[in-house]
Amino acid sequence: MTLTCLLLFLIHILVVKNSEASNNVPAVIVFGDSSVDSGNNNVIATVLKSNFKPYGRDFEGGRPTGRFSNGRVPPDFIAEAFGIKSTIPAYLDPAYTIQDFATGVCFASAGTGYDNATSAVLNVIPLWKELEFYKEYQARLRSHVGVEKANEIISEALYLMSLGTNDFLENYYVFPTRRIHFTVSQYQDFLLSIAENFVRELYALGARKLSITGLIPVGCLPLERATNILGDHGCNEEYNNVALTFNAKLENVIAKLNRELPQLKALSANAYSIVNDIITRPSAYGYEVAEKACCSTGTFEMSYLCSDKSPLTCTDAEKYVFWDAFHPTEKTNRIVSTYLIPKLKAAFR
């Protein structure tokens, strides 16, 4: 072998080794609500859907997928950053097979929460059912790639969890049932006990790399601003304080799980500060509108109320922090993901 050939061979080996070393995440597996749902609600009997225009108008091919955005959601950007794929398919989407799901799958359902009562409000998939789908997925994966390979994917995959907003804004502050039985602090603890048990079940099933997103400044969502009449349509600071307290408690739960579960590597993917900065200083990120959403009047509309027939719907979503009254634009999802990705890579590569 000539010296040149030897050098080329060694370079090739180094490139392959570096590539393998830089990415030990073979799949991204997602649990949660509309912040990460990629289309599971399309096939269940609920009014909370987004598989119609103008949703998805900036997605690949301009097609609505069931993502509550004009384009992609955070798990898509995260999977792409790890070199896996550019979009994470919904588990219930019949267009995909176990071959697609082997490198990433989404079990999330828009409108759900930690609390089973939250999922019942709009008849969406409860968190326990997301876990049942995951167990079914594991069986399908083992049949598809074999037990050894499947177990490797399961243990090395990056698991993303993002939920909690609906428990407060769709449940606790809307219906009296939970408020009769729980103070806000007690309800936070109730939700976090469910979150802890869920993680322990995931761990028992083989999960080892986990990222949990807490709450963003929920009091600054356009819907909450629109209803905050006494506060002159500013952010609802009571709700924001609840989010901050919840996030602090979540950090403690994550630390506890890391201590008690050998080999678990759980990370708090706290997006509150970056979203708050975007809302507080929108022009610094190239936005023109932070208090209202792109769709229709930008105050109350989401799901079927978000219509491409409305003459008020914006033409350029890049100028808006929010897409509908509850969900960020693709641009905001991209910025938040870009903020979180270095932390994820540092923890899980």
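Quick note: numbers below take in every heavy atom, side chains included, and nothing from hydrogens, waters or symmetry partners. Source: prediction; values computed, not measured.
Around the NZ atom of K135, the shell of radius 6.0 Å holds more than 12 heavy atoms that belong to other residues, nucleotides or ligands. Environment of NZ in K319: sparse, with no more than 12 heavy atoms of neighbouring residues, nucleotides or ligands closer than 6.0 Å. Counted within 6.0 Å of NZ on K53, heavy atoms from surrounding residues, nucleotides or ligands total 12 or fewer; the atom is thus considered open.
A salt bridge between R208 and E156 is absent, with no side-chain N of the basic residue lying under 4.0 Å from a carboxylate O of the acidic one. Between E60 and R72 there is no salt bridge, since no side-chain N of the basic residue sits under 4.0 Å from a carboxylate O of the acidic one.
The side chain to side chain donor-acceptor pair (under 3.5 Å) test with R178 singles out one residue from T118, N171, D115, and that residue is D115. Between Y187 and the choices F168, Y114, F246, the ring pair (Phe, Tyr, Trp, His ring centres under 6.0 Å) rule is met once, by F168.
Here the closest heavy-atom approach between residue S38 and residue P89 is recorded as OG-C, 3.5 Å. The nearest pair of heavy atoms linking S185 to K249 is OG-NZ, 2.9 Å. In this structure, N41 and K49 approach most closely via the heavy-atom pair O-NZ, 2.7 Å. Shortest non-hydrogen contact noted between D93 and F101 is O-CZ, 4.4 Å.
Contact check for I274 versus Y285: side-chain heavy atoms found under the 4.5 Å cut-off. Side-chain contact between L92 and F133: present, with at least one pair of heavy atoms (C-beta onward) separated by less than 4.5 Å. Taking the side chain as every heavy atom from C-beta outward, Y173 and E238 approach each other to under 4.5 Å.
Separation of atoms CD (E288) and OG (S283) is listed at 10.0 Å; rounding is to 0.5 Å. Here the CG atom belonging to L264 is positioned 6.5 Å from the CG atom belonging to L257, to the nearest 0.5 angstrom.
The closest side-chain donor-acceptor pair between T332 and Y287 falls under 3.5 angstrom. Judged purely by distance below 3.5 Å, without hydrogens or angles, the side chains of Y134 and Y159 pair a donor atom with an acceptor atom. A donor and an acceptor atom, one from each side chain of S34 and H327, are located under 3.5 Å apart. A side-chain donor-acceptor contact under 3.5 Å links R140 and Y91. For the residue pair Y55/D308, the side-chain donor-acceptor check at 3.5 Å is not satisfied.
Between the side chain of S109 and the backbone N or O of I125, at least one donor-acceptor pair lies under 3.5 Å. Side-chain N or O atoms of T329 include one that pairs as donor or acceptor with a backbone N or O of Y320 at under 3.5 Å. The backbone N or O of S193 lies less than 3.5 Å from no partner atom in the side chain of E196, so there is not a single donor-acceptor pair. The backbone N or O of L223 lies less than 3.5 Å from a partner atom in the side chain of T227, making a donor-acceptor pair. Counting only distance, with no hydrogens or angles, the side chain of N197 and the backbone of R200 share no donor-acceptor pair below 3.5 Å. Listed for the T46 side chain is a donor-acceptor partner under 3.5 Å among the backbone atoms of L122. With hydrogens and angles ignored, the 3.5 Å screen pairs a side-chain donor or acceptor of N241 with a backbone N or O of E237.
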Could you walk me through whether C220 and C235 pass the disulfide (SG to SG under 2.5 Å) test, one step at a time?
CA-CA 4 Å; C220 294; C235 295; 2.1 Å; yes

Stepwise ring-ring contact (aromatic ring centres under 6.0 Å, His included) check, F182 with Y172:
CA-CA 9 Å; F182 299 102; Y172 187 85; 7.8 Å; no

Show the numbers, then the answer: is there a salt bridge (Lys or Arg N to Asp or Glu O under 4.0 Å) between R67 and E330?
CA-CA 10 Å; R67 288 169 173 81; E330 179 184 66; over 6 Å; no

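Taking the six-membered ring for Trp and the full ring otherwise, the centers of Y304 and F52 sit less than 6.0 Å from each other.
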